[in-house]
Amino acid sequence: MEIIYTWEITAMEVILNQDGLSKVVSNIDWRLIATVDGEKYRAEKWAKQYVSAPDADTFTAYDELTKEQVISWLESILDVPQLKEYLAEQINLQANPVTALLPPPFAN
């Protein structure tokens, strides 16, 4: 069972002007989605992640940011192996449930 992991960046909070820089990203709203067989099994984790102020020498203008660059910031901050392990456990529970919700075996 191969799990496919996909990042989504849903929003980015910016500081409009900081130390001579414009639209400095301060928080990233992200989602990591795990799927198997298309959408047969799906699990996701989402949160808001604070990012520290950038170095003016390596600053990228907001309009020039790429999804890959923002994901690289997240991957340098978050414990991605732990996130993927959590999502894999959720997928495994969907594929191999250990509990079930059943109707009562009697008439009400």
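Counting begins at 1 with the first residue of the sequence. Everything numeric in this text was worked out from a predicted model, so none of it was measured.
In this structure, P54 and L21 have side chains that are in contact, with non-hydrogen atoms separated by less than 4.5 Å. A 4.5 Å side-chain heavy-atom check between I28 and I9 finds at least one atom pair inside the cut-off. Between D29 and M12, every side-chain heavy-atom pair lies at or beyond the 4.5 Å cut-off.
No continuous path of ILVMFWY side-chain contacts below 4.5 Å connects I4 to Y86, so the two sit in separate hydrophobic clusters. Following chains of ILVMFWY side-chain contacts shorter than 4.5 Å, one can reach V36 starting from L87, so the two form part of one hydrophobic cluster. At a threshold of 4.5 Å between side-chain heavy atoms, the hydrophobic network of Ile, Leu, Val, Met, Phe, Trp and Tyr places Y5 and L93 in two separate groups. Hydrophobic clustering of Ile, Leu, Val, Met, Phe, Trp and Tyr side chains at less than 4.5 Å, counting indirect connections, keeps V24 apart from W30.
Residues in residues 93-108 take part in these side-chain hydrogen bond (donor to acceptor under 3.5 Å, both in side chains) pairs, two or more places apart or across chains: N92-N96. Screening residues 59-84 for salt bridge (Lys or Arg N to Asp or Glu O under 4.0 Å) gives K23-D63 as the qualifying pairs, with residues at least two apart or on separate chains.
Atom CZ of F59 has more than 12 neighbouring heavy atoms from other residues, nucleotides or ligands inside a 6.0 Å radius. Other residues, nucleotides and ligands contribute more than 12 heavy atoms inside 6.0 Å of the CD atom of Q69. The local environment of NZ in K40 is sparse, with at most 12 non-hydrogen atoms from other residues, nucleotides or ligands closer than 6.0 Å.
Atom CD1 of I15 is separated from atom CG of N27 by 8.5 Å, given to the nearest 0.5 angstrom. Note: I91 CD1 to E2 CD = 12.0 Å, rounded to the nearest 0.5 Å. To the nearest 0.5 Å, the span separating CG on L74 from CD on Q49 amounts to 6.5 Å. To the nearest 0.5 Å, the span separating CD on E8 from CH2 on W46 amounts to 11.5 Å. Interatomic distance, OG1 of T35 versus CD of E44, reported as 10.5 Å (0.5 Å rounding). Here K45 contributes atom NZ and L32 contributes atom CG; the two are 10.5 Å apart, rounded to the nearest 0.5 Å.
Summarising the geometry of I71 relative to W7, their closest heavy-atom pair is CD1-CB, 3.4 Å, with the distance given to 0.1 Å. Closest approach of V14 and Y62 over heavy atoms only: CG1-CE1, 3.6 Å.
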### Check against side chain to side chain contact (heavy atoms under 4.5 Å, CB included), Q90 and R42
CA-CA 8 Å; Q90 300 308 305; R42 177 185 170 103; over 6 Å; no

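Using a distance-only test at 3.5 Å, with no hydrogens or angles considered, no donor-acceptor pair links the side chain of S22 to the main chain of N17.
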